[in-house]
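Below: the structure, in structure tokens.
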Number of protein chains: 4
Amino acid sequence: MTSKKNEKYQLILQGALKVFAENGYHRSQVSKIAKAAGVADGTIYLYFKRKEDILIRLFQEKLGELVGKFHDSVEGITDPIEALRTVCHIHFTELESNPELAYVTQIELRQSDLELRKEIGSALKPYIVLIENILKQGVEENRFRSDLNIKLVRNLIFGSMDEAVTSWLISGRKYPLSGQVEDTLGFFLHGISSKE
Amino acid sequence: MTSKKNEKYQLILQGALKVFAENGYHRSQVSKIAKAAGVADGTIYLYFKRKEDILIRLFQEKLGELVGKFHDSVEGITDPIEALRTVCHIHFTELESNPELAYVTQIELRQSDLELRKEIGSALKPYIVLIENILKQGVEENRFRSDLNIKLVRNLIFGSMDEAVTSWLISGRKYPLSGQVEDTLGFFLHGISSKE
Amino acid sequence: MTSKKNEKYQLILQGALKVFAENGYHRSQVSKIAKAAGVADGTIYLYFKRKEDILIRLFQEKLGELVGKFHDSVEGITDPIEALRTVCHIHFTELESNPELAYVTQIELRQSDLELRKEIGSALKPYIVLIENILKQGVEENRFRSDLNIKLVRNLIFGSMDEAVTSWLISGRKYPLSGQVEDTLGFFLHGISSKE
Amino acid sequence: MTSKKNEKYQLILQGALKVFAENGYHRSQVSKIAKAAGVADGTIYLYFKRKEDILIRLFQEKLGELVGKFHDSVEGITDPIEALRTVCHIHFTELESNPELAYVTQIELRQSDLELRKEIGSALKPYIVLIENILKQGVEENRFRSDLNIKLVRNLIFGSMDEAVTSWLISGRKYPLSGQVEDTLGFFLHGISSKE
DNA sequence: GATGAATGAGCCTTCATTCAT
DNA sequence: GATGAATGAAGGCTCATTCAT
């Protein structure tokens, strides 16, 4: 049964999320993760090739879930502006309601070398593509400017939201992140220039 | 002579920049930095309290230089839009022409715990404030929207540029970063909505 | 099995005794002890918190054994003079027949800071108390002088024997230490004054 | 002028005595001694071959002074018992009134390897010989027992006093050491047996 | 599959000693 | 003689990974 294998596998991922969030990747010994997961040290190596794999898989699983939620939520929405609002709303509320995950994605995942960054990049790819598709659709429907540099703008949008989350996290989460959805969206849609 | 003292200090910083960029912080042994700097291992500890200090100081020095350039360049510019263009232009060209520095700031500096992230944040503060002041001035002069959430927008702008640099870096620097200044500025100023 | 755990623990202690005796504490690298014990360097840290702990535990174990022997030997002896003779005899013969232990107790254990000295002192306490009890009993039975300053005299007796051992050791063990039991006892019992 | 040379030499010895007493030999860095002495690190190596030499010389100088005092005080005394009393009195009072010296001689000097212990032994020799001569004279004058094992007894006497000092020191110097001269002397002279 | 005791490579840091000034 | 910046050897300790049970 894969369910049995999944059981330990999931326990380890959950333990790792907790331990990474509390201590940071480099101060999270494998033995500490094993204890948090309630398994023996060696058991971890039955499911993960090396310590770094735990981080990668954790990210992939969690980001997969997130991207799934993005897809599900956007699916029925035909208005690209509404789709963008939904993406931003989910991005902020999901991380706001899950500080451990936020910490790991915003802080710990960056604690990795160029190689890992590329892997993270590919895991993020579906999310970036999702934004890209919204942009394309918006341009086609003439809701967005036709001269958009889409590859660039999707990155700028992602980077904006990412920085908004990181700032909120580093500030100590003193204000509600979800309260910034509309202002962020306004920035995306209209920029900062006065109408004149 | 302070020049003499500065000499070794600078040699170590330069060596560290090179070694960090090549290997990443965690794979950069102190002995490797010492060799790159042309000094003995122990000498490093005459100028830096511990290995992590090298990273912090490196960042502070280099970012200090960058912020200085921003200030110098923006000083004589009265038009806030032009000021924003200048900031973006310098941000992109400086890092484009200095890939080692780009690597360390975009990748390695993120490989640090929350504590260090806060120190980095405070070193970045003057830059963020510079953007904030441009925004304030623009609002006052009615060039920017009066309803801007300035604290948020300055972060979004910084985050956008930051992500643009990271993407360019992770892509393998296959395209000229400086070629994206105008499109980025267009995004900041007008957003993505079509005029209608 | 605790025997299995004890096995490595004992191997390390034995290795340490040998290496300390040959090289002295400060010139005994942990790796040398590990090799002598036939275990890996890291294994030592599964059983001992730090290098200094090996010395402390070694002393406590070995001194514990010695004190046990003193107790066993004295137990059935009712004559306090005979008890004192037995103590001196065991003190000299045990160390004489175990030069490695003698070296560590007389030389290396002194190579420690005040903090460790206090720990050693507390481990020695039962031995000192044993001597003290013999003195008390002797005074009660009117075999020893009633005006003895017992706290002082127990120290003087211990110090005498200790110095006798150290001198023998530093001399290169050129004469039989056990041959000095009777003269030492004579000194304790009658002092040096002529009867007149 | 040797006086000039002696000046720095003495400064270093004084600094070392202070630093050794405060920190213990192994935690007394050469640079700390240099600072306490008010000289440069390198200067120490103009007067001492290596760090260990400082300890040896310090001991030799200080012990030399002590032995000088013993000789001066005993010189005019013809009664061997009185001579022994004087020796014990000086031994206790000198170290009691100079806790830094006491600490270094009783604790730090023991923190040395067999080689150094032998050097210390030879520096102590004149003191041991002084005691030996008193014993010989006493035996000749029939004040002490004629069957004394002089080589042994001189060590026992020295060891007794030495232990008395160390115990007093480790106890935290809570009682006056000089108050134990008479009881100690009583032990030397008459031992512990009741007269009968 | 699961365990966890054992491994041993790896590395930061200290500090006695040197030597150019 | 005096300085103190520079040196670099040395070693205690950690912890990711393995493997016999």
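Every chain is numbered from 1, with letters handed out A, B, ... down the list of sequences.
Closest to the side chain of D:Lys8, out of E:dT14, E:dT7, F:dA2, is F:dA2. Comparing F:dA16, E:dG1, F:dG1 by their nearest atom to the side chain of A:Gln29 picks out F:dA16. Distance from the side chain of D:Arg50 is smallest for E:dT17 among the nucleotides E:dT17, E:dA6, F:dA6. Side-chain proximity of C:Tyr47 to the nucleotides E:dT3, E:dA5, F:dT17 is greatest for E:dA5. Side-chain proximity of D:Val30 to E:dC12, E:dA16, F:dA5: nearest is E:dA16. If you check E:dG1, F:dC13, F:dG8 against the side chain of A:Leu46, the one that comes closest is E:dG1.
Counting to the nearest Å, the C1' atom of F:dA6 and the CZ atom of B:Phe48 are 15 Å from each other. The nearest whole Å value for the distance from the OH atom in A:Tyr45 to the P atom in E:dT7 is 18 Å. The CD atom of A:Glu52 sits 12 Å away from the P atom of F:dA16 (whole-angstrom rounding). Taking atom CD1 of residue A:Ile54 and atom C1' of nucleotide F:dT17, one finds them 12 Å apart after rounding to whole Å. In this structure, the NE2 atom of B:His26 is 14 Å from the C1' atom of E:dG10, given to the nearest Å. The nearest whole Å value for the distance from the CG atom in A:Asp41 to the P atom in F:dT21 is 19 Å. Taking atom CD1 of residue C:Ile33 and atom P of nucleotide F:dG11, one finds them 12 Å apart after rounding to whole Å. With rounding to whole Å, D:Lys35 atom NZ is found 14 Å from E:dA16 atom P.
Mapping B:Thr43 and C:Val39 onto DNA chain E via the closest heavy atom, the residue that lands nearer the 5' end is C:Val39. Between A:Lys49 and D:Ile44, the residue anchored closer to the 5' end of DNA chain F is D:Ile44, taking for each the nucleotide with the nearest heavy atom.
Side chains of B:Tyr9 and B:Gln14: a donor-acceptor N/O pair is absent below 3.5 angstrom, by distance only.
The existence of a salt bridge linking C:Lys18 and C:Glu22 is confirmed by a sub-4.0 Å separation between a basic side-chain nitrogen and an acidic carboxylate oxygen.
With contacts defined as side-chain heavy-atom distances shorter than 4.5 Å, the pair B:Tyr103/B:Asn98 does not qualify.
In this entry E:dA9 has F:dT14 as its Watson-Crick or G-U wobble partner, both defining distances falling under 3.5 Å. Of the nucleotides present, F:dT3 is the one that pairs with E:dA20 by Watson-Crick or G-U wobble criteria, both distances under 3.5 Å.
In this structure, C:Lys51 contributes its side chain and C:Tyr25 its backbone to a donor-acceptor pair below 3.5 Å.
A distance of 13.5 Å separates CG of B:Leu13 from CZ of B:Phe59, quoted to the nearest 0.5 Å.
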